[in-house]
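What follows is a single structure, written as structure tokens, with notes after it.
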Protein chains: 2
Amino acid sequence: MNGSIPGIDAVLFDVGGTLVEQAAPATPVSDLAARPLPGVVETLRSLAAHHRLGAVTDTATMGESTVRALLAPSGIDALLEVVVTSSDMGAAKPDPRGVLEACARLGVAPERTLLVGDNDVDRDAAATAGVAFAAVDGGLPDAISRAIAARSGPFTAAADAVVPLDRDARAAAEARQAQLTKPAGSLGRVETLGNLVAAITGRCPPPVPSRPVVVVFAGDHGVVASGVTPWPQDITAAMVANFAAGGAAINAFARQVGAEVHVVDVGVAADLQGLPGVVHRKVRAGTDDLMIGPAMSTADARAALDTGADVAAGLVAAGHDLLVTGDMGIGNTTASAALIAAFTHTHPDAVTGRGTGIDDAMLAHKTKVVANAVGRVDGYLDPVSVLAEVGGLEIAAIAGLIVGGAAERVPVIVDGVIACAALVAANALVPGVAEHCVAGHRSSEPGATVALAHLNLDPLIDLELRLGEGTGACLAVPIVQAAVRVLNEMATFDELEAQSASEPDDGRR
Amino acid sequence: MNGSIPGIDAVLFDVGGTLVEQAAPATPVSDLAARPLPGVVETLRSLAAHHRLGAVTDTATMGESTVRALLAPSGIDALLEVVVTSSDMGAAKPDPRGVLEACARLGVAPERTLLVGDNDVDRDAAATAGVAFAAVDGGLPDAISRAIAARSGPFTAAADAVVPLDRDARAAAEARQAQLTKPAGSLGRVETLGNLVAAITGRCPPPVPSRPVVVVFAGDHGVVASGVTPWPQDITAAMVANFAAGGAAINAFARQVGAEVHVVDVGVAADLQGLPGVVHRKVRAGTDDLMIGPAMSTADARAALDTGADVAAGLVAAGHDLLVTGDMGIGNTTASAALIAAFTHTHPDAVTGRGTGIDDAMLAHKTKVVANAVGRVDGYLDPVSVLAEVGGLEIAAIAGLIVGGAAERVPVIVDGVIACAALVAANALVPGVAEHCVAGHRSSEPGATVALAHLNLDPLIDLELRLGEGTGACLAVPIVQAAVRVLNEMATFDELEAQSASEPDDGRR
């Protein structure tokens with residue numbers, strides 16, 4: 001292996017059980033001998049060529065120098081730039097302070113750092129510190145290989161490819177707006193929308209999007225077992241069949257605006273392999289109940305992010321020039337509320353809504369479920385960990401699609417509360433990516449408004465929709481297209497005068 | 001002539017100068033002799049076959065019996081069911097009480113009544129009382145012929161053809177919404193919009209509108225001479241040429257939504273006959289300055305109403321199934337503000353806006369112009385008189401289009417503040433006609449919001465547009481179409497279950 005982990009500048013290691021054999025808890029320091037685990041020294045040497053390395057270890061009595069002395073005979077000590085011990089810090093994992101101290105001493109941002117460890121306190125410390133995590137089960141070489149694979153996926157590639165909005169293209173669009181045959185500013189938000197598309201695409205005028213596509217990611221949610229919705233879980237699969245047959249609201253809307261509908265099974269809790277008209281990219285058959293524990297592993301969340309980014313890249317490669325987010329998943333307003341609460345630091349009461357229609361008692365229960373889940377991720381700084389703990393597969397996939405679209409410089413119209421949850425997650429993963437999106441509509445779910453305000457986005461449509469599927473965003477497609485047409489097709493006052501001058505004089509001027 | 005005036009149940013006459021020769025002011029009653037003017041007795045006899053007849057006369061001393069005695073020898077007295085004198089009423093024209101007393105005694109609504117008279121106090125009394133008016137210049141037979149012609153036009157025919165919204169079709173649509181594959185109500189206002197189209201068209205499901213057309217009526221405004229806008233009047237003609245060439249915002253928007261654009265010159269102050277791509281229906285070359293006096297005659301206003309209704313009928317006959325109102329006319333936000341203030345009884349300050357962009361000083365002046373104009377129509381009950389006094393030719397034409405569309409049971413999407421002014425006028429002329437319309441968008445002009453609230457309409461789009469031309473309404477076209485598609489194209493839950501049951505059992509249910 002070449003030992004280079006994409007997007008990562010520093011790798012931190014737990015020591016006992018990760019780099020060296022775990023000593024029995026009561027072994028006196030004088031008896032300790034650090035026996036490296038298989039492949040550790042070779043792996044560290046390989047990593048050192050590309051990354052800054054350090055250790056963060058919990059020990060009741062040892063300071064940095066003692067640990068270094070123990071590790072010196074194996075050659076490990078020489079490969080570690082920093083060694084932080086809980087004894088020196090006065091705080092043991094899962095407290096994130098040791099990890100953050102190591103980052104600070106290395107001068108590397110937490111989001112560019114990976115922690116490798118062998119147990120739950122390591123994982124929790126990583127999530128709270130906002131660093132990536134790799135579990136060492138199967139040995140260090142294998143853990144690093146998996147980390148490389150995970151970080152090399154389409155999502156990371158897309159995230160690395162996102163560039164800032166093009167200020168020059170936006171300025172050119174603004175200047176053009178002022179020359180067109182209308183009073184300056186009289187098209188209101190349609191003008192700023194056209195200018196935004198110029199900034200996203202980096203072109204002025206941007207090409208008029210002619211091949212919009214709605215991507216409906218479908219996934220199931222274990223939390224339905226906790227009684228957060230009156231709809232049975234198998235409605236998700238039934239609606240996927242409905243999408244494939246063209247009988248759902250999103251199909252009707254998409255036909256109206258000339259958009260294709262791509263239905264992607266990223267996590268339905270039913271075998272849909274036999275169903276034609278569906279893109280089969282299942283990461284797993286639904287999440288676990290987020291009321292009880294993590295909805296999924298960080299590897300699953302990352303796989304769903306990858307799926308979304310990969311789907312975006314494929315659709316753009318196939319000629320689509322406007323992406324519209326859609327979703328289907330019974331129970332997904334619960335996961336969305338939790339994600340929005342966690343990422344926007346908002347009280348669960350303010351973001352939990354009635355979804356597809358629940359009564360007061362069920363709403364109160366749903367709010368408690370959200371609050372419990374959000375409580376577990378309190379203080380987590382790693383967005384993938386939050387997404388895994390309280391999110392959903394289709395939500396993670398939408399986040400991937402958003403980042404994938406931004407990477408391709410194609411506008412993404414985000415739909416209602418599910419898409420808003422994906423968008424806050426995406427923006428936490430790739431700060432600023434929300435600027436590359438168009439908020440299609442304001443869902444009547446309260447979390448949507450919280451998320452949009454958090455991201456400083458003003459939606460185009462506000463018609464009290466709360467269906468999802470991409471319906472609200474789909475209605476915004478012609479507005480985005482019309483906004484771009486303005487920049488492409490309107491005459492300027494100069495052109496109008498020239499045209500008028502070239503006509504035979506009819507005495508009217 | 002057959003003596004039947006469409007839409008009119010009662011005809012009231014001034015006496016001196018209208019039915020009989022005008023006596024010199026100081027003639028003693030004992031010397032008065034009522035000499036009928038030419039053709040009067042024959043005209044009254046002809047009218048009496050179809051209408052209730054009466055007289056409303058100003059006289060310093062005579063009561064009803066004295067007037068009747070004077071008229072008896074000519075045979076006129078016997079043809080008049082009621083005779084109201086100012087002496088009996090204690091109020092002379094232009095006070096409307098005599099006219100209203102005659103209506104009440106005949107048991108006929110003012111809006112079904114025509115007053116015929118020979119001078120300004122008659123005209124003003126009619127406007128204030130809300131009755132139609134015909135001037136007797138040229139003699140009574142000619143005045144009645146003109147009244148018949150005026151009342152027989154396309155606008156009156158359309159107004160008479162408007163039927164109430166179809167409650168059964170709406171109820172059927174509501175019932176269907178509840179069966180479709182979505183939680184009840186989850187499409188929010190898109191559902192009520194689809195149901196409204198069912199009620200307008202009288203069909204469930206209504207056909208999906210496939211041939212939308214934007215009708216841009218263009219007219220000039222004499223009030224530009226009073227300094228209410230920085231734009232010169234000839235921009236109106238230049239923009240008409242721009243529409244015809246396809247270079248304006250409305251052309252770009254219409255292309256996006258698949259709508260045709262019909263440009264109708266109903267009152268541009270320039271000769272556009274040589275311009276191709278324009279429908280030439282000029283009533284007159286711009287209005288007079290409404291700051292100084294009436295913008296136009298009631299005959300002109302009625303001709304513009306007729307034009308709008310006639311254009312609507314022609315477009316529907318040509319297969320268009322969705323009408324979108326558009327306008328062009330430098331200065332028309334001033335006329336619109338005056339109309340909205342007058343019809344909604346709102347203070348001019350609250351309805352006068354910056355139009356295409358004016359500074360504080362010009363806004364203050366514009367507000368004064370509006371206030372002066374509105375003051376003149378204070379108490380007018382005849383909507384045509386209000387439209388003539390402070391309106392515009394393109395605004396009256398839009399009102400005609402609205403009524404024409406309703407008569408044809410075709411939805412009309414109304415645009416911004418100009419269309420809103422036309423809509424309040426139309427709704428005053430044909431009470432309830434606004435229910436047949438879809439409010440396309442909320443213009444940022446304050447008068448639009450006042451008018452929409454007055455009519456209890458909630459617009460579909462709110463993007464701070466203030467251009468006019470039909471741009472905002474045009475963006476609402478796909479929403480209306482999508483709303484109707486829902487009723488036509490979505491599967492029901494029963495169908496979804498049947499479809500699922502007919503599939504090979506894959507074990508997932």
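Note on naming: letters A, B, ... go to the chains in the order of the sequence lines (proteins, then strands), and numbering restarts at 1 for each one. For the numbers below, each heavy atom of this structure counts, side chains included, while hydrogens, waters and symmetry mates do not.
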Worked verdict on D321(B) versus R211(B) for salt bridge (charged side-chain N to carboxylate O under 4.0 Å, His left out): CA-CA 6 Å; D321(B) 47 13; R211(B) 289 202 51 208; over 6 Å; no
Top contributor to chain A contacts, counting heavy-atom pairs under 4.5 Å, from A249(B), A483(B), C474(B): A249(B)
Salt bridge (charged side-chain N to carboxylate O under 4.0 Å, His left out) involving D462(A) - partner list, sequence neighbours excluded: R442(A)
Contacting moiety of T181(A), where chain B heavy atoms sit under 4.5 Å: both
Close side-chain approach of V213(A) to V261(A), heavy-atom, < 4.5 Å: no
Interface moiety of L460(B) toward chain A, non-hydrogen atoms closer than 4.5 Å: both
Mind listing the side-chain donor-acceptor pairs of residues 187-195 of chain B below 3.5 Å, one per line with the distance, residues two or more places apart or on another chain?
from	atom 1	to	atom 2	distance (Å)
R189(B)	NH1	P459(B)	O	3.1
R189(B)	NH2	D458(B)	O	2.6
R189(B)	NH2	P459(B)	O	3.2
E191(B)	OE1	G185(B)	N	3.4
E191(B)	OE2	K182(B)	NZ	3.0
E191(B)	OE2	G185(B)	N	3.3
E191(B)	OE2	S186(B)	N	3.3
E191(B)	OE2	L187(B)	N	3.0
T192(B)	OG1	R189(B)	O	3.1
N195(B)	OD1	Q177(B)	NE2	3.1
N195(B)	ND2	E191(B)	O	3.3

Residues, nucleotides or ligands: over 12 heavy atoms within 6.0 Å of N456(A) CG: no
Among the listed options E464(A), R255(A), Q256(A), the residue most often paired with chain B at heavy-atom distances under 4.5 Å: Q256(A)
Partner chain B: residue of A491(A), P183(A), S444(A), A248(A) with the largest heavy-atom pair count (under 4.5 Å): P183(A)
Between K366(B) and T229(B), a side-chain donor and acceptor under 3.5 Å: no
Heavy-atom contact with chain B under 4.5 Å, split by part of A184(A): backbone
Pairs of heavy atoms under 4.5 Å with chain B: top-ranked of N251(A), I461(A), L465(A), L180(A): L465(A)
